Amino acid sequence: MTVRGTVFRYKSDVDTDVIIPARYLNTTSEAELASHCMEDIDRDFVKKVQKGDIIVAEDNFGCGSSREHAPIAIKASGISLVIANSFARIFYRNAINIGLPILECPEAVQNIKAGDVVSCDLAKGEIVNQTTGQKFQAEPFPAFIQNIIDKGGLIASLKAAEKQEDAHA
Amino acid sequence: MGMTMSQKILAAHAGLQSVKAGQLIEASLDMVLGNDITSPVAVKEFEKAGCPRICCPEKVSMVMDHFTPNKDIKAAEQVKTVRNFAAKYGVENFFDVGRMGIEHALLPEQGLVGAGDLVIGADSHTCTYGALGAFSTGVGSTDMAAGMMSDRCWFKVPAAIRFVLKNKPAKYICGKDVILHIIGMIGVDGALYKSMEFTGDGVQYLSIDDRFTICNMAIEAGAKNGIFPVDEVTRAYLNGRFGREIRAYEADPDAEYERTIEVDMSALSPTVAFPHLPENTKTPEAWGEVKIDQAVIGSCTNGHISDLRIAAEVLKGRHVAPGVRCIVIPATNTIWKQAMHEGLFDIFIDAGAVVSTPTCGPCLGGHMGILAAGERAVATTNRNFVGRMGHVDSEVYLASPYVAAASAVAGRLATPDEIE
C-alpha cells in the first residue's frame with residue numbers, strides 16, 4: 001500500500017497526554033477522539049489535517065500512557081503514517097495492533113520539513129519526499145507484523161487465522 | 001550466555017530453556033488487567049472479534065479507578081459497559097466503588113499478582129509489579145482483548161540495564177527520589193524497550209512500597225519493565241495474600257546487561273522533576289522560589305500506607321500554607337482504613353488538608369483536583385506532561401511525599417528541613 005500526504009512536524013517526546021488529553025478519555029468514539037487530536041500541542045492540527053497526511057517527529061513519539069485512544073485518534077483524524085526516529089514501546093505496539101502505519105527512519109526525519117509532501121510504499125519501507133525528490137529507506141516490518149497491519153489490526157488478524165483453522169478442521 | 005531476571009520469567013512462560021534479547025516469543029499470561037479507560041476499548045475489540053467466552057476469567061482483573069466514583073455521565077456509561085461485560089463473562093476480579101482502589105496498589109494488595117508472574121495490563125504503570133519479582137508490562141486495549149481471548153501474548157525479549165543500588169538511603173530520601181534521580185540521569189527514553197533490573201546491597205533498605213514506587217516509574221524512562229529480586233521483604237509482603245507459589249528468579253552471573261549504573265542512595269538529595277518531563281530533575285539548590293497552589297499526595301506511585309505516614313510525619317502539628325489546597329488520596333480502601341485507624345486522617349484534617357476516596361483522579365487531570373491556567377501543583381504522581389493535571393498552561397512538579405507535604409506547609413517547593 002502506498003500513502004501520500006502533507007507533513008505535520010513535531011519534536012521529541014510527544015506524549016500521549018498531548019496526543020489525546022485524558023479529559024477526553026470518557027469516550028471510545030473514534031470521531032470524537034479525533035476531534036481533539038494533538039489539541040494541547042497544536043491547536044491548528046484538527047483544522048488543517050486532511051485524509052492521508054503524515055506526521056513526522058523526532059525521538060520517543062507516543063511516550064507516557066498506554067491509552068490506545070492515542071493512535072486511534074491519530075488514525076481517525078486521517079493521518080496515514082507516522083515517521084519518527086523512535087517510538088515509545090506501548091505506542092508502537094498499539095499502533096500496530098489498531099493498524100496505524102508507523103516507521104522508524106532518522107534519515108527521513110532529518111530531511112523532511114513541515115508542509116512537505118511525502119509518499120511511502122509501506123510494504124517496502126520506501127519513503128519519498130515529493131517536495132525535494134529525496135528518497136529514504138526505512139526497515140519494513142517482518143511478515144507477521146505486516147500481516148497484522150494488512151488485516152487491519154490484531155483482532156482482525158486473529159479472526160482471520162481462526163477462520164483458516166476452522167476451514168482446516 | 002546467561003539470562004537476566006526478566007528473561008528467565010519470559011523463558012519459563014514460553015516453555016523455553018532460554019531466551020535472548022531480541023527474540024520474539026509467545027508466552028502464557030498469569031494476569032491480564034484493564035481499567036475504566038482502557039477496558040471499554042478492549043470490550044469493543046473483544047466483542048468485535050465475536051469471541052464466545054474469556055479464555056480464563058480468573059486471570060482477568062478490571063479495576064474502575066481513573067474517573068471513579070464516576071465523574072460524569074460519559075464516565076458512568078463507560079464503567080457500566082465494563083460492569084455488564086464482567087457480569088456476562090464471569091470476571092470476578094471486577095473492582096468498582098467499595099471494593100476498588102488504584103489498580104497498581106490494589107492487585108498486589110489483593111494477592112492477584114506476585115513473584116515470578118507474567119502480567120500484562122492496559123495501563124502503562126503495570127510495570128509496578130516488578131517490585132514483587134514479576135515480569136509485568138503495560139500494553140494497549142487490543143492486547144488486553146487478545147489476552148482475554150487466548151491468555152497468551154507475544155513479546156520481544158528485552159535487553160536490560162542493571163542498576164546497582166548501594167547503601168542506606170539518606171534522611172528524607174525514599175523510592176521516589178531514587179527513581180527520579182535515575183530518570184534524570186538516563187532520560188525519558190533512556191531505557192526504551194529495555195528492562196530496568198535493580199540489584200545491590202541497598203535493596204535490603206527499600207520497603208516494598210519504595211520498590212513499588214521505583215518500578216512504577218520505569219515506564220517514565222521508556223522501559224518495558226522494572227524488576228527487583230525476591231528477598232525477605234518480598235516474601236513477608238506476599239505471605240498470606242498471594243495464593244500461588246512464589247517463583248523467585250535470580251539473574252545469572254553471566255547475564256548480559258547493556259549498561260550497569262551504580263546509585264549511591266546515601267548520597268542522594270530530595271529530587272523534583274520540573275515541568276514538563278520526568279527527566280527534568282533538580283535537587284534543592286537549583287529549585288529557586290517555586291510557589292505552589294496545590295499539593296497532591298497519592299496515586300499508584302505514592303498512595304501507599306508508608307507514603308501517607310511520611311506525609312503525616314511532616315504535617316503533624318503544622319498547617320498547610322494559606323491559599324494552598326492539599327489533597328491526600330489513599331490508593332485503596334484497605335489503605336484508607338488503615339490510615340484512618342492509625343490516626344493519620346486527624347493529622348491531615350487538622351493541618352487543613354482533605355482526604356479523598358481512592359482514585360487516580362487528579363494525576364491524569366481526571367477529577368478531584370484539576371488545575372486552572374497558570375496554577376502549579378507539587379504532586380507525588382508520575383507524570384508532569386503539558387496539561388497533565390488540568391489546563392494546558394498549568395504546571396506539575398513531581399516529588400516524594402516528604403517534599404510534597406513540606407511544600408504544602410511552606411507554600412513553595414521545600415524540603416522537610418526547611419520547615420523545621
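Chain letters run A, B, ... following the sequence lines, proteins first, then strands; residues in each count from 1. Excluded from the calculations below are hydrogen atoms, water molecules and symmetry mates; all remaining heavy atoms, backbone and side chain alike, are included. All values derive from a computational prediction rather than experimental measurement.
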**Q** Hey, what do you get for CZ (B/Arg383) to OG (A/Ser65), rounding to the nearest 0.5 Å?
**A**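 Nearest 0.5 Å value for the CZ-OG distance: 6.0 Å.
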
**Q** Using only heavy-atom distances, determine whether the side chains of B/Thr38 and A/Glu68 contain a donor-acceptor pair under 3.5 Å.
**A**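 The criterion, which ignores hydrogens and geometry beyond distance, is not satisfied for A/Glu68 and B/Thr38.
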
**Q** In the structure I gave you, are the side-chain heavy atoms of B/Val386 and A/Ile41 within less than 4.5 Å of one another anywhere?
**A**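 Side-chain contact under 4.5 Å: no.
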
**Q** Is it the side chain or the backbone of A/Ile72 that comes within 4.5 Å of chain B heavy atoms, both, or neither?
**A**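 When you check distances to chain B, only side chain atoms of A/Ile72 fall under 4.5 Å.
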
**Q** Taking every non-hydrogen pair under 4.5 Å, which of B/Pro278, B/Ala122, B/Ser141 racks up the most with chain A?
**A**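 Going by pairs under 4.5 Å, I would pick B/Ser141.
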
**Q** If every non-hydrogen atom of A/Asn97 is compared with every non-hydrogen atom of B/Asp143, which pair is closest and at what distance?
**A**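 Minimum heavy-atom separation between A/Asn97 and B/Asp143: ND2-OD2, 2.8 Å.
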
**Q** With rounding to the nearest 0.5 angstrom, report the CG to NZ distance, A/Asn26 to B/Lys71.
**A**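 Spacing of CG (A/Asn26) from NZ (B/Lys71) equals 5.0 Å.
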
**Q** Which atoms of B/Lys44 come close to chain A, meaning under 4.5 Å heavy atom to heavy atom: side chain ones, backbone ones, both, or neither?
**A**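 When you check distances to chain A, only side chain atoms of B/Lys44 fall under 4.5 Å.
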
**Q** Out of A/Gly64, A/Ser86, A/Ala156, A/Gly153, return the one with the most heavy atom pairs under 4.5 angstrom to chain B.
**A**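 Ranked by heavy-atom pairs under 4.5 Å with chain B, first place is A/Gly64.
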
**Q** Less than 4.5 Å to any heavy atom of chain A: does that hold for the side chain of B/Ile219, its backbone, both, or neither?
**A**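 When you check distances to chain A, only side chain atoms of B/Ile219 fall under 4.5 Å.
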
**Q** Give the C-alpha distance, both sets of side-chain angles, the deciding distance and a yes or no for side chain to side chain contact (heavy atoms under 4.5 Å, CB included) between B/His125 and A/Ser66.
**A** CA-CA 8 Å; B/His125 294 107; A/Ser66 71; over 6 Å; no

**Q** Is it the side chain or the backbone of B/Leu364 that comes within 4.5 Å of chain A heavy atoms, both, or neither?
**A**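 Answer is both: backbone and side chain atoms of B/Leu364 are under 4.5 Å from chain A.
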
**Q** Once rounded to the nearest 0.5 Å, what's the spacing between atom CG of B/Leu192 and atom CG of A/Asp59?
**A**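 These two atoms lie 9.0 Å from each other.
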
**Q** Taking side chain as C-beta onward, heavy atoms only, is B/Ile37 less than 4.5 Å from A/His69?
**A**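 A side-chain contact under 4.5 Å exists here.
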
**Q** Kindly indicate, with the supporting measurements, whether the criterion side chain to side chain contact (heavy atoms under 4.5 Å, CB included) is fulfilled by B/Gln78 and A/Leu25.
**A** CA-CA 10 Å; B/Gln78 294 212 121; A/Leu25 296 183; 5.7 Å; no

**Q** Of all heavy-atom pairs between B/Thr142 and A/Leu154, which one has the smallest distance, and what is that distance?
**A**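 Closest heavy-atom pair between B/Thr142 and A/Leu154: CG2-CB, 3.7 Å.
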
**Q** What part of B/Ile73 is in contact with chain A, defined as an atom under 4.5 angstrom from a non-hydrogen atom: side chain, backbone, both or neither?
**A**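 Contact with chain A involves no heavy atom of B/Ile73 at all.
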
**Q** Do you see a donor-acceptor pair shorter than 3.5 Å between the side chains of A/Arg67 and B/Ser124?
**A**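 Checked: A/Arg67/B/Ser124 side chains show no N/O donor-acceptor pair below 3.5 Å.
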
**Q** Kindly give the heavy-atom pair with the smallest separation between B/Trp154 and A/Arg93, and that separation in Å.
**A**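 Distance-wise, the nearest heavy atoms are O-NH2, 2.7 Å.
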
**Q** Of all heavy-atom pairs between B/Gly387 and A/Asp40, which one has the smallest distance, and what is that distance?
**A**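 Between these two residues, the closest heavy atoms are CA-OD2, 4.4 Å.
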
**Q** For B/Glu45, is it the side chain, the backbone, both or neither that has a heavy atom under 4.5 Å from a heavy atom of chain A?
**A**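 Its backbone and side chain both get close to chain A.
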
**Q** Do B/Lys74 and A/Glu32 sit within salt-bridge range, that is, some charged N less than 4.0 Å from a carboxylate O?
**A**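 Salt bridge: yes.
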
**Q** For B/Asp72, is it the side chain, the backbone, both, or neither that has a heavy atom closer than 4.5 Å to a heavy atom of chain A?
**A**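 The side chain, not the backbone.
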
**Q** Would you mind checking which part of A/Tyr92 comes under 4.5 Å of any heavy atom in chain B, side chain (CB onward), backbone (N, CA, C, O), both or neither?
**A**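 It is the side chain, since no backbone atom gets that close.
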
**Q** With only heavy atoms counted, which part of A/Asn94 is less than 4.5 Å from chain B, the side chain, the backbone, both or neither?
**A**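 Side chain of A/Asn94 only, per the 4.5 Å heavy-atom cut-off to chain B.
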
**Q** Do A/Ile155 and B/Met149 have side-chain heavy atoms sitting under 4.5 Å apart?
**A**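 A side-chain contact exists here, since the closest heavy-atom pair is under 4.5 Å.
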
**Q** Side chain, backbone, both or neither: which part of B/Phe67 has a non-hydrogen atom closer than 4.5 Å to chain A?
**A**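 Side chain only.
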
**Q** Is it the side chain or the backbone of B/Leu277 that comes within 4.5 Å of chain A heavy atoms, both, or neither?
**A**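 Only the side chain of B/Leu277 comes within 4.5 Å of chain A.
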
